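For reference, the structure discussed in these notes is given below.
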Amino acid sequence: MEHTKKFSPGTSAIVFLLFAGFLYICVWSPSNPLLPFDQPNGPPKNFTAVEFAVKDELDLALEEASMRNKTVIIAVVNRAYVEQSVNAETTMLDLFLESFWLGEDTRPLLDHLLLVAVDQTAYDRCMFKRLHCYRLVTEGVDFGEEKVFMSRDFIKMMWRRTFFLTEVLRRGYNFIFTDTDVVWLRNPFTKLSLNETDDLQISVDKYFGSRRPDHNLINTGFYYIRSNNKTISLFDKWYSLKDNSTRKKEQDVLLDLLRHGVVTELDLRVRFLETRHFSGFCEDSKDVGAVTTVHANCCRHINAKVRDLTAVLRDWKRFKAALTKYPKAARNITRSFGWSPHVGCLNSWKPQTLT
């Protein structure tokens, strides 16, 4: 009589594992000796390796603030610009941010603003306002106090800013750089060339209607720059002259470069922005229907800038209110508009008297 052999569960499991191992050797193993040729070692050709590069704080800050085309808006602040003095009604930073609220099509741009804080107080205030913030640390230097125009510390801070912005270009980001003493009344991208032919579009103190660098007094308080090899080379060359430019601010050094052949040397396309759209206290825009930004340039002290920029926003609100109330008279309202005198900034150049 034949007896049916029964395998215990343990024996069945061993047999299954041996069979699976044999199949792996025959079919899946890349070193299978039974195949007619060896498969190449490594991943299949259609396999894409994913690299997890370590990103630093600047990478993350830029990424969070960036538009889809890797463009950001950058402003630099210190304690003097975020803290309210006893004699001021507000702060420079608050005025700057208020202009985005009051301007035309400017509110969404705050999502792409990166505030670069050069001291801890400025960084804390930025974080409190829930903005995109980056802490720029400079060992052994206190950039928190007001740096009076053309003082030694002012010049040093401007060069530190230039070095930082060069790094932003190296990381592939286009950007608008704006001083925080610039109020934004309209979306500037509507007045900027957004194609890839213009490498640098920069504001001027006075506009003479010429494309030639020697006919324009540039102002580095507002400009739009594209990241490419040409602009990176320009900023490298610019910063390299820092130690050979005693008593010159970085703006003057860049102007010298533009006037002495760097545009041709690097094949740069530079556009000088009209003060009709990108105006300032050096030269007011005479067309309130077209003005985009107003810069408190030609001014020496923060309190004076705050006073006169407050007047600019007050003028702007009155203009907009008049248009809303009397839409049929829009043309006459626009033609008759005039900016309040920049009294604070005019007086900022006078010798200070001790009281």
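Worth saying up front: this structure is predicted, and the values here are computed from it rather than measured.
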Under a 4.5 Å side-chain heavy-atom rule over Ile, Leu, Val, Met, Phe, Trp and Tyr, are Met67 and Tyr224 clustered together?
yes
Are Tyr134 and Phe164 close enough, and set up right, to give a ring pair (Phe, Tyr, Trp, His ring centres under 6.0 Å), and what steps lead you there?
CA-CA 11 Å; Tyr134 176 73; Phe164 168 77; 5.8 Å; yes
Asn219 side chain near Val204 side chain, heavy-atom distance below 4.5 Å:
no
Return the minimal non-hydrogen interatomic distance between Arg125 and Val82, and the atom names on each side.
NH1-O, 2.9 Å
Compare all side-chain heavy atoms of Tyr223 with those of Ser203 and state whether any distance is below 4.5 angstrom.
no
Kindly indicate whether the side chain of Thr71, heavy atoms from C-beta on, has any atom under 4.5 Å from the side chain of His112.
no
Do Leu165 and Phe177 come within less than 4.5 Å of each other through their side chains, counting heavy atoms only?
yes
Tell me whether the rings of Phe319 and Trp316 are parallel (<30°), tilted (30 to 60°) or perpendicular (>60°).
tilted
Taking CE in Met127 as the centre, count heavy atoms belonging to other residues, nucleotides or ligands within less than 6.0 Å. Is the count above 12?
no
Under the criterion side-chain contact (heavy atoms from CB on, under 4.5 Å), which of Leu62, Leu131, Val168 is the partner of Leu114?
Leu62
Does Asp256 pair with Arg259 as a salt bridge, N-O distance under 4.0 Å?
no
Do Phe281 and Phe208 share a hydrophobic cluster, counting only Ile, Leu, Val, Met, Phe, Trp and Tyr and linking them when any side-chain heavy atoms are less than 4.5 Å apart?
no
Note: Cys299 and Ala304 closest approach over all heavy atoms is SG-CB, 3.7 Å
Return the set of residues passing ring-ring contact (aromatic ring centres under 6.0 Å, His included) with Phe163 (not counting sequence neighbours), or none when no residue passes.
Tyr239
Evaluation steps, side chain to side chain donor-acceptor pair (under 3.5 Å), between Thr121 and Asp124:
CA-CA 5 Å; Thr121 300; Asp124 292 342; 5.6 Å; no
Between Arg171 and Asp56, does any NZ, NE, NH1 or NH2 come within less than 4.0 Å of an OD or OE carboxylate oxygen?
yes
In terms of side-chain geometry, is the basic nitrogen of Asp179 or Arg161 positioned less than 4.0 Å from the acidic oxygen of its partner?
yes
Are Ile74 and Thr178 side-chain neighbours, meaning at least one heavy-atom pair lies under 4.5 Å?
no
Does a side-chain heavy-atom distance below 4.5 Å link Glu250 with Thr220?
yes
Check the hydrophobic clustering (I, L, V, M, F, W, Y; side-chain heavy atoms under 4.5 Å; chains of links allowed) and say if Leu60 and Val72 are grouped together.
no
Under the 3.5 angstrom rule, does the side chain of Asn297 hit a backbone N or O of Cys282 as a donor-acceptor pair?
yes
To check you understand the geometry: which heavy-atom pair defines the closest contact between Thr180 and Ala75, and what is its length?
CG2-CB, 3.8 Å
Quick check on the 6.0 Å ring-centre criterion: do Phe272 and Tyr207 meet it?
no
Do you see a donor-acceptor pair shorter than 3.5 Å between the side chains of Asp236 and Ser233?
no
May I ask you to check whether His342 and Asp284 show a side-chain donor-acceptor distance below 3.5 Å?
yes
side-chain contact (heavy atoms from CB on, under 4.5 Å) between Glu167 and Leu58, worked out:
CA-CA 10 Å; Glu167 182 61 28; Leu58 179 56; 4.0 Å; yes
I'd like to know if Asp287 and Arg276 make a salt bridge, using a cut-off of under 4.0 Å between side-chain N and carboxylate O.
yes
Can you find a pair of side-chain heavy atoms, one from Trp238 and one from Val262, that are under 4.5 Å apart?
no
Kindly confirm or rule out an SG-SG distance below 2.5 Å between Cys298 and Cys345.
no
Can you tell whether the side chains of Arg271 and Asp198 come within less than 4.0 Å, N to carboxylate O?
no
Partners of Tyr123 by ring-ring contact (aromatic ring centres under 6.0 Å, His included), sequence neighbours excluded?
none
Got a sec: does the OH of Tyr326 have more than 12 other heavy atoms crowding it under 6.0 Å?
no
So which atom in Asp308 and which in Pro341 form the shortest heavy-atom distance, rounded to 0.1 Å?
OD1-O, 4.4 Å
Side chain to side chain, Leu313 and Leu185, heavy atoms closer than 4.5 Å
yes
Should Phe278 and Leu194 be counted in the same cluster of Ile, Leu, Val, Met, Phe, Trp and Tyr side chains packed under 4.5 Å apart?
yes
Answer yes or no: is there an ion pair linking Lys320 with Glu104, defined by an N-O contact shorter than 4.0 Å?
yes
To the nearest 0.5 Å, how far apart are CZ in Phe100 and CG in Asp105?
11.5 Å
Might you confirm whether atom CG of Asn229 has over 12 heavy atoms from other residues, nucleotides or ligands at distances under 6.0 Å?
no
Report the C-alpha distance between Ile176 and Leu192 in whole Å, list the side-chain angles of each, state the deciding distance to 0.1 Å, and finish with yes or no for side-chain contact (heavy atoms from CB on, under 4.5 Å).
CA-CA 10 Å; Ile176 285 181; Leu192 295 169; 3.8 Å; yes
Mark yes when over 12 heavy atoms from residues, nucleotides or ligands other than Glu265 sit less than 6.0 Å from its CD; otherwise mark no.
yes
In Glu283, His295, Lys206, the residue satisfying side chain to side chain donor-acceptor pair (under 3.5 Å) with Thr275 is Glu283
Neighbour count >12 (heavy atoms, 6.0 Å) for atom NZ, Lys237
no
Can you give me the closest heavy-atom contact between His132 and Cys126, atom names plus distance?
O-SG, 3.8 Å
For residues Asp315 and Ser340, is any side-chain donor paired with an opposing acceptor at under 3.5 Å?
yes
What do the steps show when you test Leu93 against Leu115 for side-chain contact (heavy atoms from CB on, under 4.5 Å), and what is the final call?
CA-CA 10 Å; Leu93 176 61; Leu115 273 187; 3.7 Å; yes
Asp267/Asp199 under side-chain contact (heavy atoms from CB on, under 4.5 Å): CA gap, chis, key distance, verdict
CA-CA 10 Å; Asp267 192 28; Asp199 300 301; over 6 Å; no
